[in-house]
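To start, the structure under review is shown below, and the notes come after it.
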Amino acid sequence: KPKEQLKDNLTNKEWCYELLNKTSRSFAFVINELEVNLKDAICIFYLVLRGLDTIEDDTTVEIKTKLPVMTQFSEGLYQPGFKVFGYGMNNDEKNLVQNFDKVVDVFLSLGDSYCTIIHDITRRMANGMSEFLQKQVVTLPEWDLYCHYVAGLVGIGLSRIFHASGLESEWFATADEESNQMGLFLQKTNIIRDYLEDINENRIFWPRDVWSRYTLNLENFKDPKYQISALHCLNDLITNALSHAVVALDYMSRLKNDKVINFCAIPQVMAIGTLNACYNNYNVFTGVVKIRKGQRALIVDAIQNKGITGTYELFFKFANEMQQKVPLNDPSANKTIQHLESIQKLC
Ligand code: PS7
Ligand code: MN
Ligand code: MN
Ligand code: MN
Ligand code: MN
Ligand code: MN
C-alpha cells in the first residue's frame, strides 16, 4: 500500500500516538510503557497541553489575538470538531492544532474522571499563560507562579490521574504541593538550560530580580567578557531549582506501580543530570548543553531495572558530581552545598 493511503486509514487514536511520537522529545517513550487505560489518558493530556503550548509559543501571532483563543481553548475539548488555525512554529505543531478534532474525539472517549481532570488543568494553565503573556517574570514568587502554571499544574493533574486509575493511592489525589514541585523541578531546569534558545527568540524566563543582581542586561551573558557574572547567575538559579529535589524524591518514594515510577523518575533524573551538566558551565550561554544519548540510555536502564533504588542512586551520583564542582568563591556556594547535602543524606 502507498504511504498516503496508510495514513488515511489511521484511527483517531492511532493518529494521536503518531503525533505524540512526533511532538515530544522525551515523553513519548515513557508514556508508551504505561498500562493501556492510563496510557491513553496521559497521551491525550500531553497532546492537549502541547496544543495549548503551541498557541503560547507562537511569536508570529499578536498577544491580543491569542488571548481569546487561549481562554476558549479548554471549552473546545467538549466541542466535537474543534480545531485551531494559524498557529505552530513547525509542521508537527501546525498539524496538531489544525487536526485537533482528532484529539477531542479521543478525549471524549476517555472516562469522565479523566476528562474532568484534563479540562480543569487545561483551563487553569491557559489562564496562567494569558497572565504571563502580558507581564514579565520579575520576582522569585513570580518565577514559581509561572512554573506552577506551565508545569506544576501538569504534576497536579498527573497525580489526580494516577489516583483515578486506581494504580496509586489516595495520597496522590490531594498532594498538590508535592506534585507542583515535581513540575517546578523539570520546568526550572528547562528554563535554565534554554537560556540561549529563549533569548534568541526574544523570550526571557529567567527571573529579573535574580539576573539583575549580576548584570544590567541579560543578553550580556552571551559575551564571554561577562563570563564570571554569567556563571554566578547560572549557579544561583541552579541552586534555586535544586531546592525542589528533596520533595521530588519524597513524592517518588510513595509510588507503587513500576511503570508509573519509570514515567515519573526518568524525567526527574534527566533533570538533575541536566543541572549537573549545566552547573558552572559557560556553554549554557553559547549553545545547548544536553545529556548525551549514551548517558540517557544508562539512566533509563538503571531506573527500569532498579526502580526507586536506581533513582536514589542517580540523584546521589549527580548531586555528588555537582558538589565537586562548587567553586568556593561562588556567591551561592553555601546554599548550593546545603541542598546537595540534603539530597545525598536522603539517598
Ligand atoms: C502531560 C506528560 C510526574 C508529578 C506540553 C511532566 C511546555 C517541562 O520548552 O517539551 O516547550 O520545548 O522540553 C506533559 C510531574 C505542557 C511537567 C511544559 C505535558 C511532572 C505544556 C512537564 C507537557 C510534570 C507546558 C515539556 C513540564 O518540556 O518544553 C505530560 C509529575 C506539556 C511534568 C510545557 C514543559 C514540559 C514541561 P519546550 P519541553
Ligand atoms: Mn514550548
Ligand atoms: Mn511555552
Ligand atoms: Mn479515591
Ligand atoms: Mn524551553
Ligand atoms: Mn524545548
Side-chain angles (χ1 to χ4, degrees), residues 19-20 22-34 38-59 66 70 73 87-90 92-93 96-97 103 114 117-118 121-122 124-126 128-130 132-133 137 146-163 168 171-173 175-198 201 203 205 241 244 247-252 254-255 257 259-271 274 288 290 311:
L19 256 282
L20 171 68
K22 286 180 182 159
T23 53
S24 107
R25 292 167 195 81
S26 41
F27 289 110
F29 171 77
V30 279
I31 293 175
N32 268 307
E33 303 282 300
L34 294 164
L38 192 57
K39 171 173 151 169
D40 288 347
I42 294 183
C43 171
I44 295 305
F45 192 26
Y46 179 87
L47 290 175
V48 166
L49 299 180
R50 176 56 62 200
L52 180 61
D53 187 53
T54 297
I55 300 170
E56 189 206 27
D57 286 358
D58 195 325
T59 47
K66 283 185 191 185
M70 300 202 65
F73 190 84
Y87 292 88
M89 306 283 276
N90 61 50
D92 295 324
E93 287 180 355
L96 172 64
V97 295
V103 179
Y114 293 141
I117 296 162
I118 294 171
I121 298 296
T122 305
R124 290 159 70 187
M125 188 183 293
M129 283 173 165
S130 300
F132 277 93
L133 281 174
V137 179
Y146 176 72
C147 293
H148 163 72
Y149 288 142
V150 302
L153 285 171
V154 185
I156 291 168
L158 286 169
S159 295
R160 293 188 180 165
I161 290 174
F162 298 157
H163 163 259
E168 296 295 346
W171 184 82
F172 290 90
D176 289 8
E177 177 54 32
E178 293 83 354
S179 310
N180 186 53
Q181 293 204 46
M182 286 282 287
L184 261 55
F185 190 58
L186 300 188
Q187 189 64 31
K188 287 182 176 180
T189 301
N190 182 294
I191 285 174
I192 291 165
R193 187 203 59 196
D194 288 349
Y195 163 87
L196 190 66
E197 179 187 312
D198 287 334
E201 285 167 13
R203 277 192 297 211
F205 297 111
H244 302 295
V247 170
L249 283 167
D250 172 73
Y251 177 101
M252 291 186 284
R254 297 170 187 269
L255 292 165
N257 182 276
K259 302 297 168 62
V260 175
I261 293 176
N262 293 344
F263 170 77
C264 292
I266 291 171
Q268 297 289 322
V269 171
M270 292 296 292
T274 301
V288 199
K290 270 201 180 140
T311 304

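Both ligands and their constituent atoms are indexed starting at 1 by order of listing.
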Check your understanding: So, for L255 and V260, which heavy atoms are closest and what is the spacing to 0.1 Å?
Key -> CD2-CG1, 3.7 Å

Study note, to complete from the structure: Filtering Y46, Y149, F162 for the heavy atom nearest atom 30 (C) of ligand 1 leaves Y46

Check your understanding: Out of A151, C43, A175, who gets a non-hydrogen atom closest to atom 27 (C) of ligand 1?
Key -> A151

Review point. Should T54 and D58 count as side-chain neighbours, where that means a heavy-atom distance under 4.5 Å?
Key: no

Check your understanding: Measuring from the heavy atoms of P267, does anything fall under 4.0 Å of ligand 1?
Key -> no

**Study point:** Atoms named by residue and atom, protein N, O or S, within reach of the Mn ion (ligand 3) (under 2.8 Å)
**Key:** D53 OD1, E56 OE1, D57 OD1

Review point. Which heavy-atom pair separates K66 from L133 by the least distance, and what is that distance?
Key: CD-CD1, 4.0 Å

Review point. At a 4.0 Å threshold, what atoms of ligand 1 neighbour a non-hydrogen atom of G155?
Key: 4 (C), 15 (C), 24 (C), 31 (C)

Review point. What part of F27 sits under 4.0 Å from ligand 1 if we count only heavy atoms: the side chain, the backbone, both or neither?
Key: side chain

Exercise for review: Just go through V260, N190, I266, D198 and tell me whose heavy atom is the nearest to atom 28 (O) of ligand 1.
Suggested key: N190

Exercise for review: Flag R50 as yes when one of its N or O atoms lies below 3.5 Å from any N or O atom of ligand 1, and as no otherwise.
Suggested key: yes

Study note, to complete from the structure: Heavy-atom closest pair (S130 atom, M70 atom, distance to 0.1 Å) is OG-CB, 3.7 Å

Exercise for review: Kindly say whether H148 contributes a backbone atom to a donor-acceptor pair with the side chain of Q187 at under 3.5 angstrom?
Suggested key: no

Revision key, fill the gap. For V150, the atoms of ligand 1 under 4.0 Å from one of its heavy atoms are 18 (C), 25 (C), 34 (C)

Revision key, fill the gap. Between T311 and L249, the two heavy atoms sitting closest are CG2-CD2, 4.4 Å

Practice item. Check side-chain contact (heavy atoms from CB on, under 4.5 Å) between S179 and all other residues, then give those that pass, not counting sequence neighbours. Key: I156, S159, A175, Y251

**Study point:** Smallest separation among heavy atoms of Y87 and V97, with atom names
**Key:** O-CG2, 3.5 Å

**Study point:** Taking every non-hydrogen atom, the tightest pair across T59 and M89
**Key:** OG1-CE, 3.1 Å

